[in-house]
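What follows is a single structure, written as structure tokens, with notes after it.
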Amino acid sequence: MNAVSRRRSRRRHGLVAVAACTAASLFTGTASAATVTAPGVSDRSCIDGKRTDAAVGSQSVTVPGVSAVSARLSGAGGNWDLAVVDESGRVVAGSAFAGGDEIAEGFATAPGELHVQACRRTGSDPTAELEVETVELTEPAPRLQMVRIATPTEDSAAELASSGFDLTEHGGDGFVDAVLHGPVEAALLADQGFDFEVLIADLAARSVAERTAESRAAARGGGGGAGLPSGRTDTYRELADYSEEMQALAEENPKLVRYFTLKKETYSGRPVEAIEVAPGVKRRDGRPTFVMTGVHHAREWPSSEHTLEFAYELINGLKDGDKKTRRLLKRARVVFVPLVNPDGFNLSRSAGAALGASGGRDAPGGDETANLVIEGEYHRKNCRFLESTGMEGGSCTQQPDNGVAHFGVDPNRNYGGFWGGPGAATGDEAPFMDTAADYRGPGPFSEPETQNIRKLVSSRQVTTLITNHTFSNLVLRPPGLQAQGKPRDDKLLTKLGNAMAAENGYTSQRGFQLYDTSGTTEDWSYNATSGLGYTFEIGPDAFHPTYSTVADEYRGNTENAEGGGNSAAYMKALKSTGKTKRHSLIKGKAPKRSFLTLSKKFKTPTSPVLDGNGEEGDVILLPEKLKSKLVVGRKGRFDWHVNPSTRPIVDPDVKRIEPRRGKPSDPVEFAGTIVGAAPTCADFETEDPACFNDHPFKVKSGKGIDNGTAAVRIEWPEPGSDWDLKVFRDSDGDGTSEGEKKALGSSAQAATNSEETTIARPGLKPGKYVARVVNFSALSPYTGRVAFGKTPKTEVKTGIEKYTLACRAKKGGKVLSREKIAIDRGERLAVDLRKTCAK
Ligand SMILES: [Zn+2]
């Protein structure tokens, strides 16, 4: 063992010790297994409250105090559900998946008897196997806080982004908001030289207050949040509510709704559920697909609420004969996955429910233990058990999650596209190691949650994807990493992003604009399939505020929204999904009822994979296969709406860029004072030299130099002042921007105190450049800097990629014809398979 690795393993060990002790002290629980019998059958809900009828088989367990409870049902035929009910009648845990395997996990808040009920809804076998485990929670709770961390410089922002702390998506000039998990983390943050102010001093107290407000409003009868399409008003759904409602929607509307589960079960063994909505939902036609997901991150409850509510809105519209809904869904189908990460969600949501019910530490008889579950409530990641914590399998809910020991992988840093780059923790950085809030996982697509979405998106023509998160009022679009440069579909991505943001009042921006992220959903989906992808960060300031805000954000009853809120924004995405000129169309003739597949194999590049010391390693090339299916109609014609065949990173216009051997040049600093008068100069397009300052700089080349990118940035003290920025090539070499035609980069935001634009190869060539700083409405001088970076190592291929279109007489039959198809965005292509695919 060399010195470096020895040091690292000792660091790892120090952390582990903390988590392992906690684990040991917490395992004082009970376990039991028995066969339960439900002589009768009743297709009634199991998760509404205590039941003792003949369709229920039950067991009782006693808990001494605040406890984690885990019940598992197996071996049952037909459809069974499962619930744990406490003495007050509160459903502590529930499970309502399709079939007979159930996992109900949650938290009991007081000593007493728990009634564990297995409900037989269908099926002929009256018996099932029931296992129940309880673990008393006795460790004092850490006090969780929401804080605002100062990031006065770009370097400090980058350092914070890779620190492993639990950052939110909410930030601005000079700050990022974060969750601090107790005093240990506060001290760590201070140790690392960060200043912070406390925004919410006690998230547990806040949480109790919000749940209490919800139950008071519900008791008054109105609830908060009237106006959601489902009619729900009281509080956030729990996991089993999603299961029950999605199945009921499909059962009640068999022609409009299809319920299914994704390919992989989670670490706890849960299925990941989905519904598909469209008239004639079971037809294998060529409509394009809009995929909407919620809850990659466990604590982001409004993200799954909005996902399911939009499904209700469409289903209600179809049932009520709403013309607009029907028109939109004749041109597109929608797949909803409200809970990508059901393990994490169940931990967070059931902890939140328990905390609300207990009244927290300030309730009569309450103590620090009552708040213990707050760590669960603020869980972000999935339920992978981490090497470093020494925990091996079992129940996610029963794991201690104190201090820095946040187990799990961040599913939104685990997707393969550009995985392993900046903006995600490698698992090897002290002090958090693999407990970092944004731990990317041991490999690209290592997690069942991301494998599921990968498979779903790869098996359909998903022309639009929205992944819902909370919070910060953002509509984010690719790229997540600044180094990726401008995507080929930048204009279209921007246009749709802005149109949606006009409805919900959020800020429409590129993913990296707050901080770099890698391995995110849309960075993979867009780059692998060319389908447009967005992240919504719902709401201004909290992961799961009082429930009434869910309806307000959905309907646009907020300070920000100028349009119809997320409901209207999602409608715009749906409309865009069906717009042929925004994707590609294969118009074909083929023998009726023949079975077509459109497929493509390629490799998705990760980022150069960073190690714990920040050193770049190799790019991993992930084999991928897209394959979608269509059954030709009775008239022997088909319209297949598909994504373009050439991926965005395989730019037909760009030659392959080889990195140069060497280092970037030193930065160039400059500064400028006020020129011109604001009212006459307030024009970004001005050519009047009296209205701007020019700052010439050189991009050097030669031995040992790699200037792959040049980031030009200007800053000034107060956001009320406004300078704008353009960068030109100085083609006549006179040191000014006069007479230079086209800017290579520009930046003109309002209400900020900086502007920045990055030019990258191949647009960035060695030679002379000029930065033009325009006085839009400047009140103070500025400073500026040109920072050079290495050539990004992302693989840029040139050329055109093609699909393979195969035709069979029927599913599973022999391939009768096979042809290669190249199709670009906005193109229509006619194919005639009548002769080639004839039997
Ligand atoms: Zn999130």
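Ligands are counted one by one from 1 in listed order, and the atoms in each one are counted from 1 as well.
Classification of the H379-F407 ring pair by plane angle, with boundaries at 30° and 60°, yields tilted.
Salt bridge status for K264 with E447: absent, with no side-chain N to carboxylate O gap under 4.0 Å.
Shown here are the ring-ring contact (aromatic ring centres under 6.0 Å, His included) partners of Y506, two or more places apart in sequence or in another chain: there are none. E244 meets the salt bridge (Lys or Arg N to Asp or Glu O under 4.0 Å) test with R121; sequence neighbours excluded.
Inspection of the environment of the Zn ion (ligand 1) yields the following protein N, O or S atoms under 2.8 Å: H297 ND1, E300 OE1, E300 OE2, H469 ND1.
Looking at E522 and T535, their side chains do bring a donor and an acceptor atom within 3.5 Å of each other.
Within the structure, the salt bridge (charged side-chain N to carboxylate O under 4.0 Å, His left out) test picks out the following pairs touching residues 298-308 (sequence neighbours left out): D166-R299, R237-E305.
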